[in-house]
K.L.:
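Structure incoming, see below.
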Amino acid sequence: MYTGILPLGTMVVHRLFEKGLVYKKTAAVNWCPVDKTVLANEQVINGCCWRCDTVVEKREIPQWFMKITDYADQLLNDLDQLDGWPEQVRTMQANWIGRSEGLQINFKVSGSDLDLAVYTTRPDTLMGVTYLAIAAEHPLSLKEAKTNPELQAFIDECGKLETSEAAVETADKRGVNTGVFASHPITGEQVPVWAANFVLMSYGTGAVMSVPAHDQRDYEFAHQYGLEIKKVIEPANEESCDLKTSAFTNKGRLVNSREFDGLTSEESFDAIAKILEQNNKGERQVNYRLRDWGISRQRYWGTPIPIINCADCGAVAVPEDKLPVRLPEDVIVDGSGSPIKSMPEFYQCSCPKCGREAERETDTFDTFFESSWYYARFTCPENTESMLDARSKHWLPVDQYIGGIEHAVLHLLYARFFHKLMRDEGLVDGDEPFKNLLTQGMVLKDGVKMSKSKGNTVDPQALIDQYGADTARLFMMFAAPPEQSLEWSDKAVEGSNRFLKRLWRFTIEHIEKGTCVELSLDNLCDDLKNIRRQTYKVVSKVSDDIGRRHTFNTAIAAVMELLNTITKFDDDSEQGRAVIQEALEKIILMLSPITPHICHELWQLLGHDKWVVNELWPEIDEIALLQDKIELMVQVNGKLRSKISVSTEADKNVVEELAIADDNVSKFIDGKEIRKIIVVPGRLVNIVVAG
RNA sequence: GCCGGGGUGGCGGAACUGGUAGACGCGCUGGAUUCAAAAUCCAGUUUCUUCGGAAGUGUCGGUUCGAUUCCGACCCUCGGUACCA
């Protein structure tokens, strides 16, 4: 049901538009000429429409963008603040932002005043440039194509290529000579300009310099088309460099580079930058892989972008008092494109600036737009006047955010970006939205990601109906740690149900024997001390597993072990029963977050008035954990041969003597020279013998 | 292609800081109980074995007294790759 709450988020667009952080430019989309609709990358299968199998075309259309690149440095640097985030996610985001330092270099197009600008992080290889590569749809390429049918055919063909990076990077590298030459900024040499399918107009300048000797892709391209390969870098150490088999891509020492000969790659960076800057042919530049965020979608189901297009005033933001723009609900969906694009009653309006007739934007927002700030909205959900109020400053940042690993880059980067935008608008405090992050692994079904969009989800209701919610919860938490991906199977659910039944039965039997006396810690026998030691070892492990490691499966396993121990333990003495009571209480407290219903019931049956949900997490009895003897394993040459029991106080010499004297150990060391004895306190003894 | 994960018994997984590989559970096998079954309980369950042991954590190599754990190369697989969200 469409509630109209989400469009409140568009309030921020008004201000961002004024700040220039929202802007319009053209970008390529996948267009199905039969369905007359824009397709998502996912909906393009082998270059064809997923519904009608028509070959998909690339179309350049005007779209709205958010200037996330203005925040690239902040998004990169603030990753350091996120020590509650998994390292892998921070690495992925840093790589995605992809900050690099390099040079922008201008190659003058021969017979024209035009400059072709390229960006490179390897100016040390500049003297090895033997051709330039430009995007097929580069203006220079389009111009030349008018008189070059072969080039035009190539451009047409590239128009059919899928837009996704994976498709571009794995496609056969192909190109056509444009016939144009450009002059090398230092030597003045004429290098040919090729149009190539692996250079994208939307990446950087749409042109790259090619150094076949020192870049593998350029190397393969040069081989394919018989272009020159010119070695300008030599290994500085013992590395092998054989240009007959592949490019040498490491840094080294410059050769065949005129006055730069002999410099290291690092030294040449400054030298070359200086010369180019002096001659106005290039400059140092920091570059990012990150591109601006395209927020336009040509779909109906989404939040309308609050912009009015006026013939005279251009794009004008809808004034704040006219927000939110609501999506009309009386639409005719005919399967070809967004219905609001053919609804004058929706798009006809007057310009907020000049009052003349104008058209409302019919593109809607990317759904990532709203999911980038909903966490903040949760602090004030019933506020109908504004996006957020003071409560967001009180509650944020989110203490623990949980989401699938598939969101490691896009959603989590957009949310971080949005938080900074809202911070700069005074709507929230702090630099980052999520203090701690847990990224769940994928749940797979038949080997592929289980997701709403794929429609291959499994409803846990069937499990709940058959076994109850406690069993369903316990089973899911026990299957694997949450960070790991997991092939869905409910085969083993039986075991979780059995465990809960066993816990129930054992507790009832225990209660039926009557109430317990107080524990008297001073005169417990060794067996009872052992039970208590195990109880508190488990409390300690479960606290760590749940609180720090988030490995609920091992926490549950430890509790199962404890129940196994006390179930096998047969001691109906007063103190015996008191120790059992203590263990049972800890088990129930530890399980209560996972299986709340059964624990609520059992807690009361054990004689407590307070609800288990209101109880505190169990404390650890450090004294119960102490032990006077410890088991050490004994290895001979790294192989386990025996175990010895020693006092925790025993020093190294005593431990060595005991280990050597052990019957089974002597079998393996008799008559051999002892070379070394390694004692790892509390762990093992390893006797290294000759032969 | 690139970035980030993962690969351990028949299966899900455990081994957290380089120190007992296979915890816990599923399944399976045998037994107890039962007229019988279900449920429950007990025992066993990596492979090979001359019963002393030996081999074994995707593959190959390395470091180490000792490697699932560290290093190098590779294979397979999952997620992301900017319009699936």
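Only this structure's heavy atoms are used, side chains among them; waters, hydrogens and symmetry mates stay out. Since the structure is predicted, the reported quantities are computational estimates derived from the model, not experimental observations. So you know, we letter chains A, B, ... as the sequences are listed, proteins then strands, and number each from 1.
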K.L.:
Name the nucleic acid region contacted by A:W96, choosing base, sugar-phosphate or nothing; use a 4.0 angstrom heavy-atom cut-off, strictly under.
P.N.:
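A:W96: base contact, heavy atoms under 4.0 Å.
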K.L.:
Roughly how far apart, to the nearest Å, are B:G10 and B:G80 at atom C1'?
P.N.:
33 Å
K.L.:
Take atom P in B:U63 and the same atom in B:U45, then report the distance between them in whole Å.
P.N.:
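One P to the other, the span is 37 Å.
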K.L.:
Think A:R297 has a side-chain N or O under 4.0 angstrom from the OP1 or OP2 of B:A85?
P.N.:
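It does not, given that no N or O in the side chain of A:R297 lies less than 4.0 Å from OP1 or OP2 of B:A85.
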K.L.:
If the cut-off is 4.0 Å, is A:N95 near the phosphate of B:C2, judged by side-chain N/O to OP1 or OP2?
P.N.:
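No.
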K.L.:
When we call it a touch if two heavy atoms are under 4.0 Å apart, what does A:K173 touch: a base, just sugar-phosphate, or nothing?
P.N.:
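The residue A:K173 makes no contact with any strand.
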K.L.:
Send over the distance from A:I556 CD1 to B:C26 C1', rounded to a whole Å.
P.N.:
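Going from A:I556 (CD1) to B:C26 (C1'), I get 15 Å.
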K.L.:
If we call it a pair only when both distances are under 3.5 Å in a Watson-Crick or G-U wobble match, what pairs with B:A14?
P.N.:
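Here B:A14 is not engaged in any pair, so there is no nucleotide opposite it.
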K.L.:
For A:D366 and B:A82, what is the distance between atoms CG and P respectively, to the nearest whole Å?
P.N.:
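Distance, rounded to whole Å: 12 Å.
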K.L.:
In whole Å, what separates the P atom of B:A15 from that of B:G79?
P.N.:
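Going atom to atom, P in each nucleotide, I get 25 Å.
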K.L.:
Expressed as a whole number of Å, how far does the P atom of B:C26 sit from that of B:C42?
P.N.:
12 Å
K.L.:
Rounded to the nearest 0.5 Å, what's the gap from CG on A:L503 to CG on A:L591? Could you check?
P.N.:
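The CG atom of A:L591 is 6.5 Å from CG of A:L503, to the nearest 0.5 Å.
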K.L.:
Less than 3.5 Å between a donor and an acceptor, one on the side chain of A:K501 and one on the base of B:U40, is that the case here?
P.N.:
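Flag unset: no donor-acceptor pair detected.
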K.L.:
Applying a 4.0 Å non-hydrogen cut-off, can you work out what A:S296 is touching in the nucleic acid: base, sugar-phosphate, or nothing?
P.N.:
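Result for A:S296 = base.
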K.L.:
Side chain of A:P481: nearest nucleotide among B:U20, B:G5, B:A14?
P.N.:
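For A:P481, the side-chain atoms sit closest to B:A14.
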K.L.:
Where each residue is assigned the nucleotide of RNA chain B containing its nearest heavy atom, which of A:Q484 and A:V89 is assigned the position nearer the 5′ end?
P.N.:
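Final value for this comparison: A:V89.
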K.L.:
Would you tell me if any nitrogen or oxygen in the side chain of A:R291 comes within less than 4.0 Å of OP1 or OP2 on B:C83?
P.N.:
no
K.L.:
Using Watson-Crick or G-U wobble geometry with both distances under 3.5 Å, which nucleotide pairs with B:G6?
P.N.:
B:C76
K.L.:
So what does A:L486 touch, heavy atoms closer than 4.0 Å: a base, only the sugar-phosphate, or nothing?
P.N.:
sugar-phosphate
K.L.:
Which value, in whole Å, describes the distance between the P atoms of nucleotides B:C83 and B:C75?
P.N.:
31 Å
K.L.:
Under 4.0 Å between any heavy atoms, over every strand shown, what does A:Q63 touch: base, sugar-phosphate, or nothing? Just pick one.
P.N.:
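Result for A:Q63 = base.
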K.L.:
So if I apply the side chain to side chain contact (heavy atoms under 4.5 Å, CB included) rule between A:V538 and each of A:M560, A:R533, A:K586, A:M590, which one comes out positive?
P.N.:
A:M590
K.L.:
Could you please name the partner base of B:A38, counting Watson-Crick and G-U wobble pairs only when both distances are under 3.5 Å?
P.N.:
none
K.L.:
So for A:R675 and B:C65, does any side-chain atom that can act as donor or acceptor lie under 3.5 Å from a complementary atom in the base?
P.N.:
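Such a pair does not exist between side chain and base.
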K.L.:
Select from A:M92 and A:E42 the residue whose nearest nucleotide in RNA chain B is closer to the 5' end of that strand.
P.N.:
A:M92
K.L.:
So what does A:R90 touch, heavy atoms closer than 4.0 Å: a base, only the sugar-phosphate, or nothing?
P.N.:
nothing
K.L.:
Does A:K639 place a side-chain N or O at less than 4.0 Å from the phosphate oxygens OP1/OP2 of B:A55?
P.N.:
yes
K.L.:
Describe the nucleic acid contact of A:N686 in one word from base, sugar-phosphate, nothing, applying a heavy-atom distance below 4.0 Å.
P.N.:
base
K.L.:
Does atom NZ (A:K58) have a neighbourhood of more than 12 heavy atoms from anything else shown, all under 6.0 Å?
P.N.:
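More than 12 within 6.0 Å, yes.
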K.L.:
Taking syn as a glycosidic torsion within 90° of 0 and anything else as anti, which one is B:G52?
P.N.:
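Base orientation: syn.
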K.L.:
Roughly how many Å is it from CG in A:N564 to P in B:C41, rounded to a whole number?
P.N.:
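One finds 10 Å between P of B:C41 and CG of A:N564, rounded.
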K.L.:
Which is true for A:E483 with a 4.0 Å heavy-atom rule: it touches a base, it touches only sugar-phosphate, or it touches nothing?
P.N.:
nothing
K.L.:
Indicate, with a heavy-atom threshold strictly under 4.0 Å, whether A:A479 touches base, sugar-phosphate, or nothing.
P.N.:
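If one applies the 4.0 Å heavy-atom cut-off, A:A479 turns out to touch the sugar-phosphate alone, with no base involved.
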K.L.:
Give me syn or anti for B:G13, where syn covers glycosidic angles within 90 degrees of 0.
P.N.:
anti
K.L.:
Would you mind reading off the distance between A:K445 atom NZ and B:C78 atom C1', rounded to a whole angstrom?
P.N.:
17 Å
K.L.:
Applying salt bridge (Lys or Arg N to Asp or Glu O under 4.0 Å), name anything that partners A:D544, two or more places apart in sequence or on another chain.
P.N.:
A:R548
K.L.:
Return the nucleotide paired to B:G44: Watson-Crick means purine N1 to pyrimidine N3 with N6-O4 or O6-N4, wobble means G-U with N1-O2 and O6-N3, both under 3.5 Å.
P.N.:
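Looking at the geometry, B:G44 pairs with B:C28.
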K.L.:
For B:A23, take OP1 and OP2 only and decide whether either is under 4.0 Å from a side-chain N or O of A:N553.
P.N.:
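Result: no.
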K.L.:
Evaluate whether atom CZ of A:R683 has more than 12 neighbouring non-hydrogen atoms of other residues, nucleotides or ligands under 6.0 angstrom away.
P.N.:
no
K.L.:
Base, sugar-phosphate, or nothing for A:V409, non-hydrogen atoms under 4.0 angstrom?
P.N.:
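No contact.
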K.L.:
Under 4.0 Å, counting only non-hydrogen atoms across every strand here, what does A:V559 touch: a base, just sugar-phosphate, or nothing?
P.N.:
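The answer is nothing, as A:V559 stays clear of every strand by at least 4.0 Å.
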K.L.:
Between B:C16, B:G1, B:C42, which one does the side chain of A:D545 approach most closely?
P.N.:
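From the listed options, B:C16 comes nearest.
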K.L.:
Taking atom C1' in both B:U68 and B:G6, compute the distance separating them and give it to the nearest angstrom.
P.N.:
13 Å
K.L.:
Taking the P atom of each, how far is B:G25 from B:C41, in whole Å?
P.N.:
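My reading of the P atoms in B:G25 and B:C41 gives 11 Å.
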K.L.:
Just checking A:W293 against A:Y414, ring centres under 6.0 Å apart?
P.N.:
yes
K.L.:
Using the C1' atoms only, state how far B:G1 lies from B:G19, rounded to an integer number of Å.
P.N.:
41 Å
K.L.:
Do NZ/NE/NH1/NH2 and the carboxylate oxygens of A:E509 and A:R505 come within less than 4.0 Å?
P.N.:
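Looking at A:E509 and A:R505, the cut-off is not met.
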K.L.:
With the side chain of A:E169 defined as its heavy atoms from C-beta on, choose the nearest nucleotide among B:A85, B:G19, B:G1.
P.N.:
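Closest nucleotide to the A:E169 side chain: B:G1.
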K.L.:
How many whole angstroms separate atom CD of A:E494 from atom C1' of B:G25?
P.N.:
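The answer, rounded to whole Å, is 12 Å.
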K.L.:
Counting side-chain heavy atoms from CB outward, which of B:C16, B:A85, B:G25 is closest to A:T367?
P.N.:
B:A85
K.L.:
Under 6.0 Å between ring centres, would you say that holds for A:Y375 and A:Y401?
P.N.:
no
K.L.:
Check every strand shown and say whether A:R502 touches a base, only sugar-phosphate, or nothing at a heavy-atom separation below 4.0 Å.
P.N.:
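The residue A:R502 makes sugar-phosphate contact but no base contact.
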K.L.:
Base, sugar-phosphate alone, or nothing: which one does A:R505 contact when heavy atoms must sit under 4.0 Å apart?
P.N.:
sugar-phosphate
K.L.:
Figure out the CZ/P separation between A:F506 and B:U40, and round it to whole Å.
P.N.:
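Those two atoms, CZ and P, are 17 Å apart.
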K.L.:
Please check the phosphate of B:C26 (OP1 and OP2 only) for any side-chain N or O of A:K491 closer than 4.0 Å.
P.N.:
no
K.L.:
Would you please classify the geometry between the A:F365 ring and the A:F369 ring as parallel, tilted or perpendicular, with 30° and 60° separating the classes?
P.N.:
parallel
K.L.:
Would you mind reading off the distance between A:F65 atom CZ and B:A82 atom P, rounded to a whole angstrom?
P.N.:
13 Å
K.L.:
Heavy atoms only, 4.0 Å cut-off, all strands: where does A:H411 land among base, sugar-phosphate and nothing?
P.N.:
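Nothing, no nucleic acid heavy atom in range.
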K.L.:
Whole-Å distance between B:C83 P and A:K25 NZ?
P.N.:
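Distance check: A:K25 NZ to B:C83 P gives 11 Å.
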K.L.:
Restricting to ring pair (Phe, Tyr, Trp, His ring centres under 6.0 Å), what partner residues turn up for A:F552, sequence neighbours left out?
P.N.:
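If we apply the ring pair (Phe, Tyr, Trp, His ring centres under 6.0 Å) test to A:F552, skipping adjacent residues, there are no hits.
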